[in-house]
Amino acid sequence: MIPNFQTALDKAVTALRSELAGNLYSCCVYGSAIRGNAVEGVSDINLLIVLNQSTSEAHQAITRAIGSEQQIDPFILAKRGFERSVRAFGTKFASIKRNYRVLYGADPLAAVSVDAQLEKFLCEQAVRNLRLRMVYSFVTRQQDKAYDRFVTRNITTIFVQFSEALRLNGVSIPVAFDARIPVMEKEFKIDGQVLRDLLALKKTPIRFSETEAVVWHERLFPLVDAVLAWIESRWQN
C-alpha cells in the first residue's frame, strides 16, 4: 500500500474510534488501495464504515472525524439491515469482498455471499444506468458544463462494471486496470485505446472544450453500448 495511504487510514480510524466510540461496529478499506493499482494524488481511499446505530448524530460524528479528508471516500451503512444492503448493492459488495481489509472491529463481509443471477441483474442495471447518465450529461452539458467531470468521475466505474460483466461470464480478470484492456478488447470487440485514454485522463484530468466533449462522447458511448449488447446476447432476462 502507498505509505501516504496507510498514514491517512491510521489517522481516519483513530478519529472515527474517538468520535463514534462504541457505535463503530466495523471499518474496512477496500478497492484500489488493496488491489495495488491506486494512483497517489488521484485515487480515493475507499472506507466501508458499519455503524451499530445509524443516526444523524453518528453522521455528524463521522463528519467531524473524516469529513474534511478529501482522500477518504466513505461508504456508510448500519449493522441493522446490512444483509439487505448486500443484496441491494450486490455487484459492489462482490467487488469489495475480493479486495478488502478490516481495519477495526468485526469482519462484516465474512458471511457475505451474493446470488449469481442477482449479481448479473445488478451489473446490467449499473451499466444501463451509466449509459443513461452519460447521455443525460452530454445532452445537458451546455447547462452545467459538467460532461468532463462526469467522464472523469466514472472512469473507475467503467472499468469495474465492464470487468464485473466479464467475471460473471467466467472470464479471468487481471488486477491492474491497464492489464484488463486487452481482455475487454477481445471479449467486447471494442476500441481499447479509448480505455487507455481514460486511464491517462484519470491521472491528469482536463476540462473539455465543446469539440473535445463531442469527440469523447463519440468514442465513449459506443463502448458502453457495446457492453450492453454483449450482455443482452448472453444473459437471459
Side-chain angles (χ1 to χ4, degrees), residues 1-40 42-123 125-126 129 153-154 156-157 159-161 163-164 167-168 173 175-177:
M1 182 182 292
I2 297 172
N4 287 347
F5 277 24
Q6 188 61 60
T7 300
L9 284 171
D10 292 342
K11 179 181 176 182
V13 172
T14 298
L16 287 167
R17 292 181 65 183
S18 176
E19 291 288 348
L20 290 165
N23 198 17
L24 181 60
Y25 175 74
S26 179
C27 183
C28 306
V29 59
Y30 66 93
S32 61
I34 300 300
R35 285 195 305 267
N37 61 344
V39 178
E40 190 167 8
V42 176
S43 299
D44 293 326
I45 301 173
N46 302 112
L47 279 188
L48 171 61
I49 300 169
V50 184
L51 301 168
N52 283 305
Q53 298 291 330
S54 187
T55 65
S56 59
E57 290 79 6
H59 306 157
Q60 292 176 53
I62 294 172
T63 301
R64 292 192 297 271
I66 61 171
S68 62
E69 300 295 330
Q70 295 185 356
Q71 278 187 302
I72 303 294
D73 183 21
F75 183 25
I76 304 162
L77 293 170
K79 183 180 177 183
R80 192 199 81 222
F82 187 79
E83 294 80 5
R84 297 177 75 94
S85 293
V86 168
R87 290 198 299 273
F89 303 102
T91 302
K92 184 176 181 71
F93 274 102
S95 177
I96 290 174
K97 190 166 184 181
R98 286 192 296 277
N99 299 281
Y100 80 101
R101 190 176 82 209
V102 177
L103 300 174
Y104 174 79
D107 183 349
L109 304 175
V112 163
S113 62
V114 183
D115 177 76
Q117 285 303 116
L118 177 60
E119 273 196 84
K120 286 183 176 182
F121 170 78
L122 293 171
C123 179
Q125 182 183 65
N129 186 43
R153 289 171 181 169
N154 283 280
T156 297
T157 299
F159 274 86
V160 168
Q161 294 303 333
S163 299
E164 284 300 293
R167 182 185 66 80
L168 289 168
I173 303 297
V175 172
F177 279 1

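These values consider heavy atoms only, across backbone and side chains, with no hydrogens, waters or symmetry-generated copies. Remember, predicted model here, so these are calculated numbers, not experimental data.
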Requested in this report: Mind checking the OH-CZ spacing from Y30 to R101? Nearest 0.5 Å is all I need.
Outcome: 15.0 Å
Query raised in the report: With sequence neighbours left out, what residues match S113 under side chain to side chain contact (heavy atoms under 4.5 Å, CB included)?
Result: none
Report task. Specify the closest pair of heavy atoms between C27 and V13, including all atoms of both residues, with the distance to one decimal. Result -> SG-CG2, 4.2 Å
Query raised in the report: What is the minimum heavy-atom distance between V86 and F93, and which atoms define it?
Result: CA-CD1, 3.5 Å
**Report entry** Main-chain N/O of V102 paired with D107 side-chain donor or acceptor, under 3.5 Å
**Finding:** no
Report summary line: The reported gap from CG in D115 to CZ in R87 (rounded to nearest 0.5 angstrom) is 10.5 Å
Report task. Taking all heavy atoms of C123 and all of L168, pick out the closest pair and write down the distance. Result -> CB-CD1, 3.9 Å
Requested in this report: Write down the atom of F5, the atom of A33, and the distance for their closest heavy-atom approach.
Outcome: CD2-CB, 3.9 Å
Report task. State the CG-NE2 distance between L20 and H59, to the nearest 0.5 angstrom. Result -> 9.5 Å
Query raised in the report: Can you tell me if T55 uses its side chain to pair, donor with acceptor, with the backbone of A58 under 3.5 Å?
Result: yes
Report task. To the nearest 0.5 angstrom, please state how far the CD1 atom of I49 sits from the CG atom of L103. Result -> 10.0 Å
Query raised in the report: Above 12 or not: heavy atoms from other molecules or residues under 6.0 Å from CZ of R153?
Result: no
Query raised in the report: Going by heavy atoms in the side chains, are I62 and L51 under 4.5 Å from each other?
Result: yes
Query - L24 side, atom CG; E19 side, atom CD - distance, nearest 0.5 Å - result: 11.5 Å
Report summary line: When every non-hydrogen atom of A110 is compared with those of K97, the smallest separation belongs to O-NZ, 3.7 Å
**Report entry** Donor-acceptor pair, side chain of T14 and main chain of D10, under 3.5 angstrom
**Finding:** yes
**Report entry** Step-by-step side-chain contact (heavy atoms from CB on, under 4.5 Å) determination, I96 to V112
**Finding:** CA-CA 11 Å; I96 290 174; V112 163; over 6 Å; no
Query raised in the report: At their closest point, which heavy atom of Y25 faces which heavy atom of P108, and how far apart are they?
Result: CE2-CB, 4.5 Å
Could you pull out all donor-acceptor pairs under 3.5 Å where a side-chain atom in residues 65-83 meets a protein atom, sequence neighbours excluded?
unit_1, atom_1, unit_2, atom_2, d
E69, OE2, K11, NZ, 3.2
D73, OD2, N46, ND2, 3.3

Requested in this report: Scan side-chain atoms only and decide if Q125 and N129 contain a donor-acceptor pair under the 3.5 Å cut-off.
Outcome: no
Query raised in the report: Residues two or more places apart in sequence or in another chain: which of them pass salt bridge (Lys or Arg N to Asp or Glu O under 4.0 Å) with R98?
Result: E164
Query raised in the report: Quick one: are L9 and L47 in side-chain contact, heavy atoms under 4.5 Å?
Result: yes
Report task. State, yes or no, whether a side-chain contact exists between Y100 and L109 at a heavy-atom distance under 4.5 Å. Result -> yes
Query - Between NZ on residue K92 and CD on residue Q161, distance to nearest 0.5 Å - result: 9.5 Å
